[in-house]
Every structure is written in structure tokens, then in C-alpha cells.
Amino acid sequence: MKIGVLALQGDFSEHIVMLRRLGVESVEVRLPAHLEGLDGLIVPGGESTTIGKLAVAFGLMDPLREFGKSKAIWGTCAGAIFLSKDAKRDQPLLGIMDITVERNAFGAQVDSFEADLDIAELNKATQTEQPYHAVFIRAPIIATVSGSAKILSALPDGRIVAAQEGKLLATSFHPELTEDSRFHEYFVSLAK
Ligand code: GLN
């Protein structure tokens with residue numbers, strides 16, 4: 001099992017630390033050749049416009065789309081935006097997940113917050129019961145989920161914050177910034 005972490009911008013090193021804690025080998029991905037031999041890829045949080053522009057500059061757009069046809073990809077926050085098919089702005093998107101997003105939907109940086117989520121799929125996969133403590137930093141919401149994509153989690157007011165489509169995963173929040181490794185475990189199980 002080898003998981004790549006897209007290391008163009010954002011908090012990729014926190015994902016690598018989390019994978020290491022789980023005993024999973026990880027690789028920083030900056031060029032198309034780095035995708036070779038990987039079972040899955042994490043696109044970190046950061047700034048989705050920057051990640052998109054750098055992915056274009058490094059010739060990663062089509063190789064990433066190709067990778068996502070058979071392999072697992074998980075986008076956290078900016079990464080989720082990058083996987084979506086529409087972010088209502090002109091920016092490079094992979095467009096491989098049947099979700100649309102609204103960027104900065106909870107307001108500015110100072111409106112960042114944390115919330116406990118009940119994620120049935122996560123509890124089932126990791127055989128745990130406790131709520132998932134999620135960190136939202138200038139987070140997007142997942143505005144629509146269609147086709148074969150499914151809602152994984154929503155806030156009490158109904159706003160969607162996690163979705164899955166086969167081996168593709170999108171979370172508005174940042175599991176790499178907590179001590180709870182269940183989301184990474186869940187992703188690794190999808191990549192298997
Ligand atoms: N606000 C950022 C964006 O729109 C995402 C923030 C994050 O990844 N924490 O790209």
C-alpha cells in the first residue's frame with residue numbers, strides 16, 4: 001500500500017504525518033511520474049486556485065484525471081474543491097466527482113469553526129461509535145451531490161460537508177489537523 005499526497009501547496013505534510021502514524025507508506029507528488037505505483041492520492045487543504053494553477057503548470061491535470069478513473073483520491077477542503085465539477089468560479093478543476101461546491105461558504109478565516117459530526121459510514125468501517133470532531137477552515141460546502149456520488153455527512157442544518165463517489169472522497173473539513181486517524185483509515189480501506 002502506497003499513498004501519494006499532492007505536494008504543490010497547502011498542508012500536505014500533516015497528511016503524511018497521519019499516514020505514517022497508520023504505518024502507511026506515503027510519497028509526495030509534484031510531477032505526473034510520481035503517480036506511478038500509487039494506490040491512492042490525497043489532495044490537501046490550502047488554496048484551491050493555487051493548487052489548480054500549479055497542477056496545470058506541472059502537466060498534472062490529465063494524469064490526475066486518469067489516475068482517478070481507477071484509483072482512490074481524497075480531497076480535503078481545497079482538495080475537495082479541486083475534485084469537484086463546479087466551484088462557480090473560473091479556476092482549474094479536475095471535475096472528476098459529481099459534486100459542486102461553494103467556496104468559503106462559512107465566511108472568512110475568522111469564521112473557522114469545529115463541529116462534531118455523526119458519520120455512519122466511518123463508524124461502520126472503523127467499528128467505532130464516537131462522533132467525528134471536524135475542523136473547518138474557510139471551508140467550502142458541498143452544494144450538490146448527483147449521479148453516483150453519495151452524501152457521507154451533513155451539518156445539523158443540512159449543509160453537506162462530506163461526499164463519496166466510489167473510491168473518490170471529498171471532505172470540507174481537515175482530518176489531517178486532528179488526532180483522530182479514522183478518516184485516513186477509511187481512505188486507506190477505499191484504496192485497497
Ligand atoms: N478557502 C480555500 C479555497 O477556497 C480552502 C481553505 C482550506 O483548504 N482550508 O480554496
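None of these values were measured; they are calculated from a predicted model. Counting convention: from 1, in listed order, for ligands and their atoms alike. Heavy atoms only: backbone and side chains are in, while hydrogens, waters and symmetry mates are out. Numbering of residues begins at 1 and proceeds along the displayed sequence.
His15 and Thr76 are linked by a side-chain donor-acceptor pair at a separation below 3.5 angstrom, with hydrogens and angles left out of the test. Checking Thr144 against Ser146 by side-chain atom types alone, no donor-acceptor pair falls below 3.5 Å. There is a side-chain donor-acceptor pair under 3.5 Å between Ser148 and Glu165. For Arg103 and Thr49, the side-chain atoms include at least one donor-acceptor pair closer than 3.5 Å.
Look at Glu185 and Arg182 and you find no salt bridge, because none of the NZ, NE, NH1 or NH2 atoms lies under 4.0 Å from a carboxylate O.
Near Ser48, with a cut-off below 4.0 Å to any heavy atom, the atoms of ligand 1 are 3 (C), 4 (O), 10 (O). Residue contact check: Arg138 has heavy atoms under 4.0 Å from atoms 1 (N), 2 (C), 5 (C), 6 (C) of ligand 1. The ligand atoms of ligand 1 that sit less than 4.0 angstrom from a heavy atom of Ile81 are 3 (C), 4 (O), 10 (O).
Summary of contacts: the protein heavy atom closest to atom 4 (O) of ligand 1 is Arg103 NE, 2.7 Å. With respect to atom 1 (N) of ligand 1, the closest heavy atom belonging to the protein is Asn104 OD1, 2.7 Å.
For ligand 1, one of its N or O atoms has an N or O atom of Ile137 under 3.5 Å away. Residue contacts with ligand 1: Gly45 is placed with no nitrogen or oxygen under 3.5 Å of a nitrogen or oxygen of the ligand (distance criterion only). Residue Cys77 has no N or O atom closer than 3.5 Å to an N or O atom of ligand 1.
Residue-level proximity to ligand 1 for Thr49 is absent, since no heavy atom of it falls below 4.0 angstrom. Neither the backbone nor the side chain of Thr76 comes within 4.0 Å of ligand 1, counting heavy atoms alone.
Between Trp74 and Phe183, a ring centre-to-centre spacing shorter than 6.0 Å is recorded.
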Note to self: Working note: Glu28 + His34, criterion side chain to side chain donor-acceptor pair (under 3.5 Å); need CA distance, chi angles, decisive distance, verdict.
What the structure shows: CA-CA 8 Å; Glu28 292 183 7; His34 300 159; over 6 Å; no
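For Gly46, the heavy-atom gap to ligand 1 drops under 4.0 angstrom.
A cation-pi contact, defined as under 6.0 Å to the ring centre and within 45° of the axis, is absent between Arg159 and Phe106.
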